[in-house]
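Note sheet for the following structure.
Residue numbering restarts at 1 for every chain, and letters A, B, ... go by the order of the sequence lines.
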There are 2 protein chains.
Amino acid sequence: MIYNSVDCVIFGFKDEKLKVLLIKRNNEPQKGLMALPGDFLDSEVSIYDSAQNTLKELTSLENIYLEQIRAFGEIDRYPGKRVITISYYALINIEDYSPQAGYTAEKLEWCDINALPKLAFDHDEIINIAHKRLKRRVRTEPIGFNLLPEEFSLTNLQQVYEAILQMELNKRNFRTKINQMKLLIDTGKKQENVAHKPAKLYRFDENIYEKLKEEGFYFNL
Amino acid sequence: MIYNSVDCVIFGFKDEKLKVLLIKRNNEPQKGLMALPGDFLDSEVSIYDSAQNTLKELTSLENIYLEQIRAFGEIDRYPGKRVITISYYALINIEDYSPQAGYTAEKLEWCDINALPKLAFDHDEIINIAHKRLKRRVRTEPIGFNLLPEEFSLTNLQQVYEAILQMELNKRNFRTKINQMKLLIDTGKKQENVAHKPAKLYRFDENIYEKLKEEGFYFNL
C-alpha cells in the first residue's frame, strides 16, 4: 500500500534573510518536530488543490501560487508506511500575510534557511532541493516581485539575491546588471524613517518583469 | 484509493528530428493506443528504481540516467481509478541502443515530436512538459552529449538545437556562440561516405561540458 502526501515550501524574505515557513507537528509520527506544512492527499481533488487546501488548513495562507517541485519517494522516508510526497514551493512577501497555525500545527515559525532546526522526515532534503531550484531560477528569471514590498531600495533587492544565493555580490556590478535589464522604475520617492541616508525607492516594471520571465535571460551575478 | 505509476519520456535524435520512444499498449485501458513506457509503481522500491525497472521491462533499455519531471495528478487522468503518475525523462543517442518491446508493450516506435499519434491518458501533456523543460535547459546547459554520436559535425549539432527548439537558427550566429563556449574539440577528421563536401568532425570537451553543466550559462540562440 502506497500513501500520497503533499508538502509546501513557503519562502519569504525578512531581516535580510531567506526564510522558510515551518510548523511544529502536534501529531505522531515525529510529534514536536518542525516540519513543512503538509498532509495526506485528498483522493477527491487534484494534487494542486490538495496542496492549497493543506496550506490553508495548517497555516491559513490561501490563494498563493504554488509551483510543483517534484515527488519524493524513498521507501524509508516515513516511519512504518510507504508515503510518497509531492512537494510545492512559493515565494511570498512576509509583510503581506499573517499565517496562523491550525489543524495539526501546534505553532508556526519563519525559520532562517541557514539555521534550520531538526526537521521531520526528509523535509531538510525537500527544502534543499527547493532552494537549489530557486538558486537556478534567480539566474534565468527575474525574482523578487513576490519577496519584496511594492517599493524597495536597490540595497533591498541586492539583499534578496544575496540571501537566495548565499553569497555576497559586488554592489556596483549588481547595479549595472540590474540596470541593463530595464526592469526597475524609479518611483521618485525615498525611504522614510531610516537612520542612514534615505535611499531611492523603485518598483518593478510589471510588463518587463513578465516578459523576462517568459523569455528568460542569464543574470551572470 | 490512490494508485501511483511511473512514466518515462525517452528523447532521441534521428534524421534531423527530435523523437520520443513510444509503446503500443497491449493491455486495457486504452489498449492499442500509443503511450509512454510506464506501469504501476512497485511499492517495494524507490520511485527512481521503479522507473528504471519499468523502462527495462517494456523497452529493454537499462542504465539510462532518468531525471524526474514531476507528478501528474488530475483526478480524471486515468479511466475508473485515481492514478497519480510520476514522470521521468532522458536523452539518448538512438544509434547506441536497440530497444525491444516487452511485457505489456505490443511494439515500440520512435515518434517525431512534431507528429505524435493519438496518445493514451494525458501522455501528450507529459511529453509537452518534458519538451518545454528541454527547451529551457538547452539555453542554460550544454545539451547534445547524449543525443549525438561521439564525433559529429557542426551541422549535426545545430540540427539538434533546431529540433529541440523547433526553430531555424542562423548558421553563422550559432557557430560563433558555440565557439565562444570553447566546448568543442576538433578531431582532425572529416565525415566519410557523404554525398556533399565532407565536414569536419568534432567531439565535446568533457571537462568543459561538465563545468558548463554545473555552472550554467545563457545560450542566447
- Query: Counting a contact as any heavy-atom pair under 4.5 Å apart, which residues of residues 18-26 of chain A contact chain B?
  - Reply: none
- Message: Only heavy atoms, only distances under 4.5 angstrom. Which residues in residues 40-62 of chain A are near chain B?
- Response: L41(A), D42(A), S43(A), E44(A), V45(A), S46(A), I47(A)
[X], [atom1]: over 12 other non-hydrogen atoms inside 6.0 angstrom:
X       : atom1 : value
E168(B) : CD    : no
K135(A) : NZ    : yes
K211(A) : NZ    : no
E106(A) : CD    : yes
Q166(A) : CD    : yes
K177(B) : NZ    : yes

- Whatever's closer than 4.5 Å to a heavy atom in chain A on R77(B) counts as neither
- Message: Quick check on I86(B) against chain A: is it the side chain, the backbone, both or neither that has a heavy atom closer than 4.5 Å?
- Response: side chain
- Query: With chain B, which of A71(A), G73(A), S87(A) has the greatest number of heavy-atom pairs at distances under 4.5 Å?
  - Reply: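 Most pairs with chain B among the choices: A71(A).
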- Query: Got a donor-acceptor contact below 3.5 angstrom from the Q68(B) side chain to the R70(A) backbone?
  - Reply: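 No.
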- To the nearest 0.5 Å, tell me how far R136(B) CZ sits from R136(A) CZ. 9.0 Å
